[in-house]
Amino acid sequence: MSSSTVITNIATLVTNDPSLGDNSPLGLVQDAAVVIDGDRVVWTGESSKAPATDNRVDAGGRAVLPGFVDSHSHLVFAGDRTQEFNARMSGRSYTAGGIRTTVAATRAASDAELEANLTRYLDEALRQGTTTFETKSGYGLTVEDESRALRLAARHTDEVTYLGAHIVSPDYADDPAAYVALVTGEMLDACAPHARWIDVFCEKGAFDGDQARAILTAGKAKGLHPRIHANQLSHGPGVQLAVELDAASADHCTHLTDADVDALANSATVATLLPGAEFSTRAEWPDARRLLDAGVTVALSTDCNPGSSFTSSLPFCIALAVRDMRMTPDEAVWSATAGGAAALRRTDIGRLTPGALADLTLLDAPSHVHLAYRPGVPLVSGVWRRGVRVV
């Protein structure tokens with residue numbers, strides 16, 4: 001039998017439900033409480049009105065918000081690219097080709113080594129408040145290595161993405177068409193049972209629009225829903241393709257035309273912004289303000305990977321988004337919680353409302369604004385995932 005717990009004496013509670021709080025998108029409730037029963041939230045509101053429960057936790061005048069939802073990461077890999085980063089910070093620009101270094105290391109690693117690496121970064125993210133994460137393959141680029149990456153990832157999350165189309169495999173450098181045939185054929189057949197999503201890096205140096213459409217369409221036919229790396233390094237067809245195929249998310253979205261912004265605003269496709277990538281590559285920042293003002297749904301994620309964004313910290317990404325992408329603290333927190341849930345087409349996470357999964361983050365601060373106000377400070381002092389305190 002499950003037992004109920006009330007977390008009370010919450011200075012500021014972020015519910016992400018305007019009807020429960022101050023009518024803002026964050027649905028803020030002051031002097032609040034949350035009641036958990038089993039793995040679900042069953043009540044939120046003012047502390048003085050909280051019902052009786054089996055257990056009680058005193059938040060001590062701290063803020064509580066939904067667990068962060070990281071809807072874009074690349075965590076099944078081996079090795080790192082310290083030397084590449086060091087060189088890039090000394091003046092070399094980032095291109096897609098660096099992925100090949102990680103491909104070689106990942107292919108050489110054992111299953112145990114890959115899973116140990118994966119769980120290390122998942123634990124790191126959890127300590128920083130991330131309770132739901134998506135992660136991709138893409139560093140194997142063979143049938144065997146892509147399928148094993150997804151099999152390992154599926155042990156730890158339901159949000160698994162097949163990214164055989166990360167770059168053209170070095171083994172097919174002279175015949176990209178043959179690699180696309182592999183990605184949409186034998187590799188897809190082997191990977192689809194382990195994944196929910198299919199993704200493609202639609203970019204110069206990776207896959208063009210026609211190739212990306214073929215790959216995502218083949219994935220849809222196998223029951224995988226599209227996501228897409230779109231418009232990161234240059235203008236391209238990625239965003240328009242995402243909207244055309246009803247992709248859950250178009251990720252990066254740095255180089256956009258007015259038509260791209262309009263297409264996103266009039267679709268169910270979320271624009272997922274990944275400020276860790278711009279920080280780590282000194283690239284141009286996405287203009288979140290432009291997207292938000294147009295009515296686009298925006299998510300924030302880490303893009304945690306060993307090449308272009310080696311951070312697992314959504315609090316860090318929130319601070320970057322506020323400082324360099326013209327988001328308000330409220331918008332950034334919403335995008336790292338409810339926005340990430342929208343990018344995964346989930347309604348049971350990213351909010352603290354009756355019926356939602358009891359995924360909560362307790363901050364050692366009275367307000368969620370401190371995530372941007374005190375950048376780099378380890379403010380997460382407690383995490384509940386599915387009703388169980390894990391930090």
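One-based numbering along the sequence shown.
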> Between I215 and F207, does a side chain to side chain contact (heavy atoms under 4.5 Å, CB included) hold up when you go through it step by step?
Replying inline: CA-CA 10 Å; I215 290 163; F207 298 89; 4.0 Å; yes
> Does the pair L188 and L224 meet the rule for a side chain to side chain contact (heavy atoms under 4.5 Å, CB included), with working shown?
Replying inline: CA-CA 10 Å; L188 174 61; L224 303 183; 3.9 Å; yes
> Is there a salt bridge (charged side-chain N to carboxylate O under 4.0 Å, His left out) between D364 and R62 once you walk through the steps?
Replying inline: CA-CA 6 Å; D364 192 12; R62 297 176 175 88; 3.3 Å; yes
>> Quick one, D189 with K222, criterion salt bridge (charged side-chain N to carboxylate O under 4.0 Å, His left out). Give me CA distance, side-chain angles, the key distance, then yes/no.
In response: CA-CA 8 Å; D189 291 342; K222 283 287 186 178; 3.0 Å; yes
>> One pair to check against side chain to side chain donor-acceptor pair (under 3.5 Å): S280 and S309. What are the steps and the verdict?
In response: CA-CA 6 Å; S280 298; S309 183; 4.8 Å; no
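The aromatic rings of H229 and H166 lie tilted to each other, with the angle between the two planes from 30° to 60°. Using cut-offs of 30° and 60° on the angle between ring planes, the pair H74 and Y139 is tilted. Ring pair Y179/Y172 is tilted by interplanar angle, where 30° to 60° counts as tilted.
Summarising the geometry, atom CD belonging to E331 is positioned 11.0 Å from atom CG belonging to L291; distances are rounded to the nearest 0.5 Å. Note that CD of Q232 and SG of C202 are 11.5 Å apart. Values are rounded to the nearest 0.5 Å. Distance check, rounded to the nearest 0.5 Å: OG of S110 to CZ of R148 gives 7.5 Å. In this structure, OG1 on T15 lies 11.0 Å from CG on L65, to the nearest 0.5 angstrom. For the atom pair T311 OG1 and L274 CG, the distance stands at 11.5 Å (nearest 0.5 Å). D251 CG to S301 OG: the interatomic distance, rounded to the nearest 0.5 Å, is 7.0 Å.
For the pair E84 and R88, the salt-bridge criterion is met [side-chain N within less than 4.0 Å of a carboxylate O]. At a threshold of 4.0 Å, the pair R151-D111 counts as salt-bridged, since one of the basic side-chain nitrogens sits closer than that to a carboxylate oxygen. Looking at R386 and D348, no side-chain N of the basic residue comes within less than 4.0 Å of a carboxylate O on the acidic one, giving no salt bridge. Between K136 and E134 there is a salt bridge, with a side-chain nitrogen of the basic residue lying less than 4.0 Å from a carboxylate oxygen of the acidic one. Under the 4.0 Å criterion applied to side-chain N and carboxylate O atoms, R345 and E159 are not assigned as salt-bridge partners.
Side-chain atoms of D80 and T82 form a donor-acceptor pair, as typed in the model, at a separation below 3.5 Å. Using modelled atom types and a 3.5 Å distance limit, the side chains of S249 and T272 yield a donor-acceptor pair. Under the 3.5 Å distance criterion, with hydrogens and angles disregarded, no donor-acceptor pair is assigned to the side chains of E284 and T254. Residues N231 and S234 bring no donor and acceptor atom of their side chains to less than 3.5 Å of each other. Side-chain contact check for T135 and S73: at least one donor-acceptor pair (N or O, by modelled atom type) lies under 3.5 Å. Under the 3.5 Å distance criterion, with hydrogens and angles disregarded, a donor-acceptor pair is assigned to the side chains of H368 and D330. For the residue pair T337/N16, the side-chain donor-acceptor check at 3.5 Å is satisfied. Looking only at atom types and distance, the side chain of D199 has no donor-acceptor partner in the side chain of T161 under 3.5 Å away. Between the side chains of T5 and T53, no donor-acceptor pair of N or O atoms lies under 3.5 Å.
One hydrophobic cluster holds both L182 and L150 under the rule that ILVMFWY side chains link at heavy-atom gaps under 4.5 Å. I198 and M187 fall within the same hydrophobic cluster, defined by Ile, Leu, Val, Met, Phe, Trp and Tyr side-chain heavy atoms under 4.5 Å apart, directly or through other members.
Aromatic pair Y121/F133: centroids not less than 6.0 angstrom apart. When ring centroids are compared, F316 and F279 come within the 6.0 Å threshold.
At least one donor-acceptor pair under 3.5 Å links the side chain of S137 to the backbone N or O of L163.
More than 12 heavy atoms of other residues, nucleotides or ligands sit less than 6.0 Å from atom CG of N55. Heavy atoms from other residues, nucleotides or ligands lying under 6.0 Å from CZ of R40 number more than 12. Around CZ of R56, the count of heavy atoms belonging to other residues, nucleotides or ligands within 6.0 Å does not exceed 12. Open room surrounds CZ on R323; 12 or fewer heavy atoms of other groups in view lie less than 6.0 Å from it. The environment of CD in E144 is sparse: at most 12 heavy-atom neighbours from other residues, nucleotides or ligands sit within 6.0 Å.
The side chain to side chain contact (heavy atoms under 4.5 Å, CB included) test with L360 is passed by exactly one of T131, L352, V383: L352.
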